[in-house]
Participant: 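The structure under discussion is supplied below as structure tokens; questions concerning it will follow.
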Protein chains: 2
Amino acid sequence: MTTGLRERKKLRTRRALGAAALELAVTHGLAEVTVEQIAEAADVSPRTFFNYFSSKEEAVVAADVERARDMGERLAARPAGEPVLESVRAVMRAMLGDAPRSREWIAQARLVKSEPSLVPQQLAAYAASERRLTAILAERTGLDATDLYPAVTAAAVMAAMRVATTRWLESDEHGDLAGVVDRVIDLLADGLRDAPAPGP
Amino acid sequence: MTTGLRERKKLRTRRALGAAALELAVTHGLAEVTVEQIAEAADVSPRTFFNYFSSKEEAVVAADVERARDMGERLAARPAGEPVLESVRAVMRAMLGDAPRSREWIAQARLVKSEPSLVPQQLAAYAASERRLTAILAERTGLDATDLYPAVTAAAVMAAMRVATTRWLESDEHGDLAGVVDRVIDLLADGLRDAPAPGP
DNA sequence: CCGCAAATATGCAGAGACTGCAAGATCGGC
DNA sequence: GCCGATCTTGCAGTCTCTGCATATTTGCGG
């Protein structure tokens, strides 16, 4: 089932637009970039841009949606018996290991941090990941899609990942992100039991 | 420290704009409502609208930000020794008890469900709640503001609340929301342990 | 190969969103 | 009552975003 030429071309266009939007925004600042410029950089008409994205902001965070898909596929590939939080741990470790992708991802995260108008779109992209994760967890556990367990788990996990990456960026990217991810997963697994003893 | 006339007036204007935006969007559909109409309904100039909100969408979900403040105050008022998740449980119960506010809140939630462009803004509003909650938890537990525990707890709790309300709305508002909230909190407290047995 | 039907891309026109700026109107304290 | 600070407003102008009609491309059966 090789996807037809049509679909591949569409995907390429979407990626080109997203990449162009991100790069232009990083170098010139989001406000200085117009849709026209993004379209030109991706070699399509401005009108076509809006066939793919409904705003500049959405295009800039398009890569997050792809990461969501990636994460979903990796999770689905984990052994069925593995505890959910451990699967997540393993998947995150693997994804963070992909250095080139990580670089682009960090650039985007920094941009979002400096451009408040991107925050809502970024969160919407995370929500897409969450829906995907919910579906996978429901299938994995054999629970009904309307059960609360898969939904709450997916939401909590995505929220924790978001916190991990945010904190890591805020701390000047000290230490390794994988370690932070480990710690937030531990917190979830411990049931958010009351405060650990204040540090030294 | 009675807040000055100036501040009170600003707050009234903000609320008037938010309420007008919500009501107009509910009755006519978001796309059919212009900023000019919202401004007129709130008795200010269109230009002034943009001094308060940066888009229609933001105005429509403005009430969420107020709810965030409310939730924050209620949480801060809980006894210091109470386990965090129990405080959240109690606060949610109390907030849901306020029927008139709940009505408006449900109307807004339904609108968001039917207008996808509101989702990002809604999530951003939740993020504001989350920041507030993080600060309160940090103070309560005496942990440093950069510690992961308050941030992860706040994020997980807000995510769970979001799931609870979404599911409740999707299930035709059967049963009581308070019960759903109880169940999602239980899931968090149990550390998202692997799947409960599939239902009957 | 050809030609048709569906899917995409593009151009165009227009309503509206949003912003910077400068001029008025109000508030709060002295 | 006066002054500085703050808010509101109008205006001009750019850019976003959409609907619609038209051209172009792709996938497929003949």
Participant: Separation of A/L30 atom CG from D/dC15 atom C1', in whole Å?
Facilitator: 13 Å

Participant: Are A/F53 and A/V26 linked, directly or through intermediate hydrophobic residues, by side-chain heavy-atom contacts shorter than 4.5 Å (ILVMFWY only)?
Facilitator: no

Participant: Find the distance B/K10:NZ to D/dC7:P and express it as a whole number of Å.
Facilitator: 4 Å

Participant: Starting from C1' on D/dA23, measure out to CG on A/N51 and report it in whole angstrom.
Facilitator: 14 Å

Participant: Between B/S45 and D/dT8, is there a contact of a side-chain N or O with OP1 or OP2 at under 4.0 Å?
Facilitator: no

Participant: Same hydrophobic cluster for B/V112 and B/L17, using side-chain heavy-atom links shorter than 4.5 Å among ILVMFWY?
Facilitator: no

Participant: Taking CD from A/E7 and P from C/dA6, how many angstroms apart are they, rounded to a whole number?
Facilitator: 18 Å

Participant: Can you check whether A/Y52 has a side-chain N or O nearer than 4.0 Å to OP1 or OP2 of C/dA9?
Facilitator: yes

Participant: Check step by step if side chain to side chain contact (heavy atoms under 4.5 Å, CB included) holds for A/E82 and A/R140.
Facilitator: CA-CA 10 Å; A/E82 186 177 51; A/R140 236 179 175 225; 4.2 Å; yes

Participant: Nearest-Å distance, NZ (A/K9) to C1' (D/dG27)?
Facilitator: 13 Å

Participant: Checking side-chain contact (heavy atoms from CB on, under 4.5 Å) against A/L137, which of A/V84, A/L143, A/V152 comes through?
Facilitator: A/V84

Participant: Nearest whole Å is fine: how far is D/dT14 P from A/Q37 CD?
Facilitator: 15 Å

Participant: Find out whether A/E104 and A/L22 are in side-chain contact, i.e. whether some heavy atom of one side chain is under 4.5 Å from a heavy atom of the other.
Facilitator: yes

Participant: Within this structure, what is the CZ-to-P distance between A/R12 and C/dT8, rounded to whole angstrom?
Facilitator: 14 Å

Participant: Can you give one letter per nucleotide of nucleotides 12-22 of chain C, 5' to 3': B if a protein heavy atom sits under 4.0 Å from the base, S if only from the sugar-phosphate, - if neither?
Facilitator: B----SBBBB-

Participant: To the nearest angstrom, how far is B/L11 atom CG from D/dC7 atom P?
Facilitator: 13 Å

Participant: So, A/R167 side chain and B/L148 main chain: donor-acceptor pair closer than 3.5 Å or not?
Facilitator: no

